[in-house]
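Beneath this line is the structure, given in structure tokens, with notes to follow.
Note that the structure is a prediction, hence the values are computed from the model and not measured. The chains referred to below are lettered A, B, ... by the order of the sequence lines, with proteins before strands, and numbering in each begins at 1.
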Amino acid sequence: MTNPTPAYVEGATVLLQERLTDDVYRLTVAATTGGGPGQFYMVHAWDREPLLARPISIHSVDEDTVSFLYQVRGRGTELLARLDEGGEVTLTGPLGHGFYTEELHGRVAIVTGGIGIAPVFCLASTLPPGDVTVIAGFKSTPYAVAELLTLGVDVQVATEDGCEGTRGFCTAIFDPTAFDTVVTCGPIPMMARVAQLCAEAVVPCQASLEAHMACGVGACLGCSFPTVSGNKRVCADGPVFDAAEVIWHA
Amino acid sequence: MTNPTPAYVEGATVLLQERLTDDVYRLTVAATTGGGPGQFYMVHAWDREPLLARPISIHSVDEDTVSFLYQVRGRGTELLARLDEGGEVTLTGPLGHGFYTEELHGRVAIVTGGIGIAPVFCLASTLPPGDVTVIAGFKSTPYAVAELLTLGVDVQVATEDGCEGTRGFCTAIFDPTAFDTVVTCGPIPMMARVAQLCAEAVVPCQASLEAHMACGVGACLGCSFPTVSGNKRVCADGPVFDAAEVIWHA
Amino acid sequence: MLETNLCGVTLKNPVIAASGTFGFGAEYSQLFDVSGLGAICTKGLTLHPREGNPGLRVWETPAGMMNSIGLQNPGISVFLERELPRMRTLGTAIIANVGGGDLEEYVEGVRLVSGAEGVDIIELNISCPNVHEGGMAFGIKCDVAASVVTAVRRVCGKPLMVKLSPNAEDITAMAVACEQAGADAVSLVNTFKALAIDIHTRKPVFDNVTAGLSGPCIKPIALRMVWEVARAVHIPVVGIGGIATWQDALEFLMAGATAIQVGTATFVKPTAMLDIVDGLERYCTVEHLVTGDSPSCCNIQWRIP
Amino acid sequence: MLETNLCGVTLKNPVIAASGTFGFGAEYSQLFDVSGLGAICTKGLTLHPREGNPGLRVWETPAGMMNSIGLQNPGISVFLERELPRMRTLGTAIIANVGGGDLEEYVEGVRLVSGAEGVDIIELNISCPNVHEGGMAFGIKCDVAASVVTAVRRVCGKPLMVKLSPNAEDITAMAVACEQAGADAVSLVNTFKALAIDIHTRKPVFDNVTAGLSGPCIKPIALRMVWEVARAVHIPVVGIGGIATWQDALEFLMAGATAIQVGTATFVKPTAMLDIVDGLERYCTVEHLVTGDSPSCCNIQWRIP
Ligand SMILES: Cc1cc2nc3c(=O)[nH]c(=O)nc-3n(C[C@H](O)[C@H](O)[C@H](O)COP(=O)(O)OP(=O)(O)OC[C@H]3O[C@@H](n4cnc5c(N)ncnc54)[C@H](O)[C@@H]3O)c2cc1C
Ligand SMILES: Cc1cc2nc3c(=O)[nH]c(=O)nc-3n(C[C@H](O)[C@H](O)[C@H](O)COP(=O)(O)OP(=O)(O)OC[C@H]3O[C@@H](n4cnc5c(N)ncnc54)[C@H](O)[C@@H]3O)c2cc1C
Ligand SMILES: Cc1cc2nc3c(=O)[nH]c(=O)nc-3n(C[C@H](O)[C@H](O)[C@H](O)COP(=O)(O)O)c2cc1C
Ligand SMILES: Cc1cc2nc3c(=O)[nH]c(=O)nc-3n(C[C@H](O)[C@H](O)[C@H](O)COP(=O)(O)O)c2cc1C
Ligand code: FES
Ligand code: FES
């Protein structure tokens, strides 16, 4: 899959702002810039403060729209959540190297934690449905699951408070030996655990990393993550990496 | 007239936002803090940027509301203009020493330039109508005049482009000898000219000064203006001063 | 709960109104109960009254502001006669900020204030960037600073806190020099020397050309300086610079400050300092930092390693 | 119209991408036509490749950001072989930013780059606050800076611009010292040494403790420094620090800068530099600053008295 050239788009119109849970929203904007699963946009929806744009993954995408699934964590995402339909956002993207879908064969597991589920809809849409199992962990009430079921993929849920699915971490209900390839996206400790399980089971695993970003395009070296072949830029060399290459506990 | 104690009020609700001309608006907010003619509020209607609140005069006031007449000049007033009904502003006030209404006797002239007309409605409401003449200058289309007429005061208009009233500056149609006391509010050069005319005609004149402000309450000494008795704080010693005491061309 | 010992003086809490941003306390006491503050620093006082600088005096910048007040003040005698008695009714500690144009003025000024009842601490301002004939000159070079502190120390019967300039050549060396010259505490930072140009008039915005930068924009640099100084001296350090929230204040306390001062943030939100006190109290309770019979800030190990 | 002569090199305009914020130009050339820039400064280059600093590397502050990249770069040889040829296709002037850990590394580095075709100017970075063994050490004291400039000058066959640190003890004296040691130009400022503490972990945010502050927050201080330096030296001064709009750029030009660099603002808006070029062009046209047969920026009297 070739990555489309990124563009800088000012004033993309907000088409839809949906509140899915207490702090999780889905924002759909009019944009023809496209992108593939695992790629992201730098999103700016404020005037001057905060200063920097925020990296948000592509949740779903078509010719005319891009949508984002995001969790309010701080100032930037809080301002995103204040946007109404008709509001405007500034986007740079699509950016980064997404999932290596050509390497996802056989039985595919997608193991996510929390808002790490954001890029999964886009990814699952490109895979043959019968072979995909999403193992999704949440603190409490799950979100963005129903739409995955519409794709015909199998979804297994774990919640820390046990309010739905299995109580506990998603890594507890993930057995790598049942799969041919694995994808993971979520908090670093969780992905580290998935990577370890996959390494032990000798199953290839792709992980979508997170890092604080400034430029988002590969120019500032602000988002580096250590790998066996040196520091890599999460934004430009990733965000998706071969989990076996990542040095998880640097 | 004793000045009410100022208060700091967060989240005062916007009741009405009216656009009067291209760049002049009237904002009415729910506030019980009151105030007198010539006093002002420090107004904040944004999160963190710009940093400082903006001084805006009381345009009209009653027990439950305060309204402001303002012109969009820069970032702060632009953000004010974006407020919708139901929005919120943060206010500190009423602040400063307003017009010395007890000294306004006989035939009173109120000479204003541009947005200097803002405090006039509040002032004229407290004066006996038959004795008040407002001489108001504007660059182009006048504003806030109709409401003054409802008070029964005489209004004479001058516009620089001649689109209404006399073409030229308001100072050209102002004859101090026809009045017993004068009040002026507007750009410094215009007020300096009014002060000079009044001095020559030996007519007492009160001027409402402007200065960049930080605290608005008299604590920072940022808003000083030179007078014959030393530097005075526009916010706390004024904004209204005896025009004869002000050193206009320091 | 947050009681703080600042060179022998007990403050209710470590939150102090910064000099020049709180007048003599009267103005803001209309708006909130200033007795909730740890202390108030007076506007910078000089031996003789000063009219301050002409022209524009304040200017906004991204997340900050510049000022060029130029030490306008009524002079120390008028302060002692008229303002100090009023300040003493406010129910909080009083820190007299003393500036000067030359060594003699500093010494005379401090001698006068030192004799006054009701002043708890003297803050020696060797760092005002807005007066031509002095102030900051003393705040740039260590030896000059040491000489003024030594001279002032001789006539000062009260705790002496020296306020440092971020424009100092080496602020750590400066703090050490002041400590050695007899300072009981250092406070930092004063404003940063800065410039704004009006592109329409093609002239500097301020008559004095440069002016002092304060506000949230300077916090990261001020915090670094406080951390460096706190590791270098053995006297209390008071942190100043862009503090607007209790989280900001906590960063300075963790960097080694014994107390903090708030300036510009009060302009933005008059009650900012009370919010900071509340926030710190909540933090201490939640984090169980305060224990024992007489819980006080002095017992709190804010400081990071 | 804005053609600018920077120590003998003709730039299309005075707007330059700042070192470390524009990679080697390839990344942003996906997003806009970088040939519209006056020049591009490369990421800081060192003789040997560096992996840079571990841990978090960027952190937001009010109207600014801190970075602790730590001079991550592929080393000068790889730059010359792989990056330089690509950069030369971008259609703008190339300024190689050279850093180092000690005097020898600086001299060797500059010698290598100096021999390379296609590098127009060498920018000597004596001001990186993020590497322990050097860089900024050279940027604090005048005599140390002078020694490295003198040594480098001997092996440098290209125009040599020295990039100054705002953390210098005395940035004006520093600029004069560099001029006397043979610099053809000075650029300022690099980032301010700053600190952030994570109050939740009670640890500094950065592994390296301190990091460099950039962005709009530093503009007023940077502008003051540029103004002071421009009055003190006779070589061109390149202004850097928080420039985000053409009005900001104009302030620096009015303060005496010959050209300006833009760093952080590009992260916020990739096309910020093109907007600045446009804005300056419009300003010159409206103000009739450009006259004569071959109108060029060199003829423009931006500078305020
Ligand atoms: C490639 C990539 C894709 C992402 N996709 C999504 C997504 O689809 N949905 C979603 O909800 N979140 C996503 N995130 C995380 C998201 O970027 C952060 O939650 C967001 O930046 C937090 O900003 P804030 O202002 O709300 O929080 P604040 O804490 O106020 O942010 C302060 C600073 O930290 C940075 N920051 C804070 N947390 C993170 C983080 N976890 N990762 C990177 N930077 C951080 C911010 O950018 C900012 O500079 C993604 C992150 C990356 C790197
Ligand atoms: C006592 C007083 C009463 C006022 N009453 C009114 C009123 O009723 N209606 C109205 O429209 N305007 C009034 N003004 C002027 C108003 O405060 C300014 O127009 C406003 O601050 C401009 O802010 P801005 O962000 O839009 O402009 P910007 O130019 O972006 O402001 C930049 C900075 O300059 C300051 N500033 C700019 N112009 C002025 C000015 N003329 N006076 C003081 N500070 C200024 C701002 O406070 C800010 O700090 C009053 C001013 C004072 C001092
Ligand atoms: C308007 C104004 C006036 C000031 N006057 C003085 C002064 O007289 N003496 C002094 O030592 N510091 C003075 N300062 C500096 C402040 O006390 C404080 O050190 C500085 O503003 C940084 O803190 P902040 O960022 O919280 O404002 C003044 C600051 C401002 C903004
Ligand atoms: C992420 C980042 C990396 C930087 N790397 C370098 C560098 O390698 N060499 C250098 O001389 N300056 C470096 N700088 C400093 C910038 O070139 C510039 O001097 C500084 O950021 C101030 O300008 P600004 O406020 O426009 O960003 C870096 C700045 C940032 C933000
Ligand atoms: S965020 Fe700048 S290189 Fe990744
Ligand atoms: S604005 Fe602070 S004294 Fe007037």
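For a residue to count as touching a neighbouring chain, one of its non-hydrogen atoms must lie under 4.5 Å from one of that chain's; by this rule Met213(B) touches chain C with the backbone only. Contact of Arg233(B) with chain C is made through the side chain alone, with heavy-atom distances under 4.5 Å. Only the side chain of His44(B) comes within less than 4.5 Å of a heavy atom of chain C; its backbone N, CA, C and O stay farther away.
When the shell of 6.0 Å around CZ of Phe169(B) is examined, it contains 12 or fewer heavy atoms from other residues, nucleotides or ligands. A 6.0 Å sphere centred on CD of Glu63(B) holds no more than 12 heavy atoms belonging to other residues, nucleotides or ligands.
Using a 4.5 Å heavy-atom cut-off against chain B, the contacting residues of residues 266-276 of chain C are Phe267(C), Val268(C), Lys269(C), Pro270(C), Thr271(C). Contact annotation for residues 6-15 of chain B against chain C (heavy-atom separation below 4.5 Å, listed by residue number): Pro6(B), Ala7(B), Tyr8(B), Glu10(B).
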Show me the donor-acceptor pairs, under 3.5 Å and distance only, between side chains in residues 37-46 of chain C and residues at least two apart or in other chains.
{"residue": "Thr42(C)", "atom": "OG1", "partner": "Asn97(C)", "partner atom": "N", "Å": "3.0"}
{"residue": "Thr46(C)", "atom": "OG1", "partner": "His48(C)", "partner atom": "O", "Å": "2.6"}
{"residue": "Thr46(C)", "atom": "OG1", "partner": "Asn73(C)", "partner atom": "ND2", "Å": "2.8"}

Exercise answer: donor-acceptor pairs, residues 56-64 of chain C side-chain atoms, under 3.5 Å, sequence neighbours excluded:
{"residue": "Arg57(C)", "atom": "NE", "partner": "Ser224(B)", "partner atom": "OG", "Å": "3.1"}
{"residue": "Arg57(C)", "atom": "NE", "partner": "Asn53(C)", "partner atom": "O", "Å": "2.9"}
{"residue": "Arg57(C)", "atom": "NH1", "partner": "Leu221(B)", "partner atom": "O", "Å": "2.9"}
{"residue": "Arg57(C)", "atom": "NH1", "partner": "Ser224(B)", "partner atom": "OG", "Å": "3.3"}
{"residue": "Arg57(C)", "atom": "NH1", "partner": "Gln72(C)", "partner atom": "OE1", "Å": "2.5"}
{"residue": "Arg57(C)", "atom": "NH2", "partner": "Ser224(B)", "partner atom": "OG", "Å": "3.4"}
{"residue": "Arg57(C)", "atom": "NH2", "partner": "Glu51(C)", "partner atom": "O", "Å": "2.8"}
{"residue": "Arg57(C)", "atom": "NH2", "partner": "Asn53(C)", "partner atom": "O", "Å": "3.1"}
{"residue": "Arg57(C)", "atom": "NH2", "partner": "Gln72(C)", "partner atom": "OE1", "Å": "3.0"}
{"residue": "Glu60(C)", "atom": "OE1", "partner": "Arg54(B)", "partner atom": "NH1", "Å": "3.0"}
{"residue": "Glu60(C)", "atom": "OE1", "partner": "Arg54(B)", "partner atom": "NH2", "Å": "2.8"}
{"residue": "Glu60(C)", "atom": "OE2", "partner": "Leu51(B)", "partner atom": "N", "Å": "3.1"}
{"residue": "Glu60(C)", "atom": "OE2", "partner": "Leu52(B)", "partner atom": "N", "Å": "2.6"}
{"residue": "Glu60(C)", "atom": "OE2", "partner": "Arg54(B)", "partner atom": "NH1", "Å": "3.3"}
{"residue": "Thr61(C)", "atom": "OG1", "partner": "Gly64(C)", "partner atom": "O", "Å": "3.2"}

Output, in order, the C-alpha distance, side-chain angles, deciding distance and verdict of side-chain contact (heavy atoms from CB on, under 4.5 Å) for Phe22(C) and Cys215(B). CA-CA 9 Å; Phe22(C) 214 72; Cys215(B) 73; over 6 Å; no
